[in-house]
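See structure below.
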Amino acid sequence: MSLTTPSLETTWGFSALVERQGQTLLFDTGGDGSILLKNMAALGVDPGRIQSVVLSHIHGDHVGGLEALLDTGVQPMVYVPPSFPEDFKNLVRQKTTLIEVEPGQWIMEGMLNTGEMGTSIPEQALILRTMKGMVVLMGCAHPGIVRLVDLAIQLVGDPVYLVMGGFHLGDASNNRITSILEEFRRMGVQKVAPSHCTGDKAIGMFREEYGDDFIESGAGFVLVIEP
Ligand SMILES: [Zn+2]
Ligand SMILES: [Zn+2]
């Protein structure tokens with residue numbers, strides 16, 4: 001089931017709130033802390049409810065909202081790829097607990113991390129285990145969307161129910177997108193919800209390929225999945 005909340009402010013960036021059995025996790029923070037806090041207020045999300053923050057990669061449009069969130073006085077555990085810059089990690093450590101993630105590290109019940117992948121822009125993805133299979137949540141997929149989904153399969157081995165987030169295919173050729181679609185079918189990805197840096201052309205090709213299994217997403221989008 002999905003529904004959208006229209007009254008949110010938007011800008012370039014990515015952030016997703018994950019709630020599961022009384023646990024609340026924020027995956028990325030968007031680029032603008034004031035927009036993050038305003039949208040959380042509009043959605044009735046008290047910052048104190050967020051127990052964990054997982055940051056996918058160091059780009060400002062994913063980590064920029066963190067400082068404003070921590071400045072509200074809340075102290076969630078912040079999970080980052082170990083290769084994050086030391087000055088960023090030290091800033092977080094001054095305010096709360098920072099955890100440098102290892103591959104397959106559990107964050108909360110039913111949620112684990114891929115660990116960091118890639119060298120030029122190292123990135124981690126979040127895996128949610130559900131009755132229907134894994135939900136793999138991406139920030140920008142800089143190391144490659146197929147590699148990150150493959151890593152989730154190697155780590156957990158469940159069927160892939162949904163891949164969601166930024167697929168980073170803004171400048172990809174039709175041939176490349178077609179081969180990624182083939183890889184998605186090979187990996188058994190059942191549903192897709194590409195957004196953010198995926199690019200309009202790639203989003204169109206995913207929509208066409210996946211039909212009813214393509215999920216339109218964006219700011220304010222809410223998806224409810226059986227635990
Ligand atoms: Zn990025
Ligand atoms: Zn991004």
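Residue numbers start at 1 and run along the sequence shown. Small disclaimer: the values here were computed from a predicted structure and weren't measured. Numbering of ligands and ligand atoms starts at 1, following listing order.
- Side chains of D28 and S15: a donor-acceptor N/O pair is absent below 3.5 angstrom, by distance only.
- For F84, the ring pair (Phe, Tyr, Trp, His ring centres under 6.0 Å) partners at least two apart in sequence or on another chain are F88.
- Counting only distances under 2.8 Å, and ignoring water, the protein N, O or S atoms around the Zn ion (ligand 2) are D61 OD2, H62 NE2, C140 SG, H196 NE2.
- Ring planes of F27 and F14: perpendicular class, angle over 60° (limits at 30 and 60°).
- The closest side-chain donor-acceptor pair between D61 and H196 falls under 3.5 angstrom.
- There is a side-chain donor-acceptor pair under 3.5 Å between E116 and S83.
- Using the six-membered ring where Trp is involved, F167 and F184 have ring planes that are tilted, between 30° and 60° apart.
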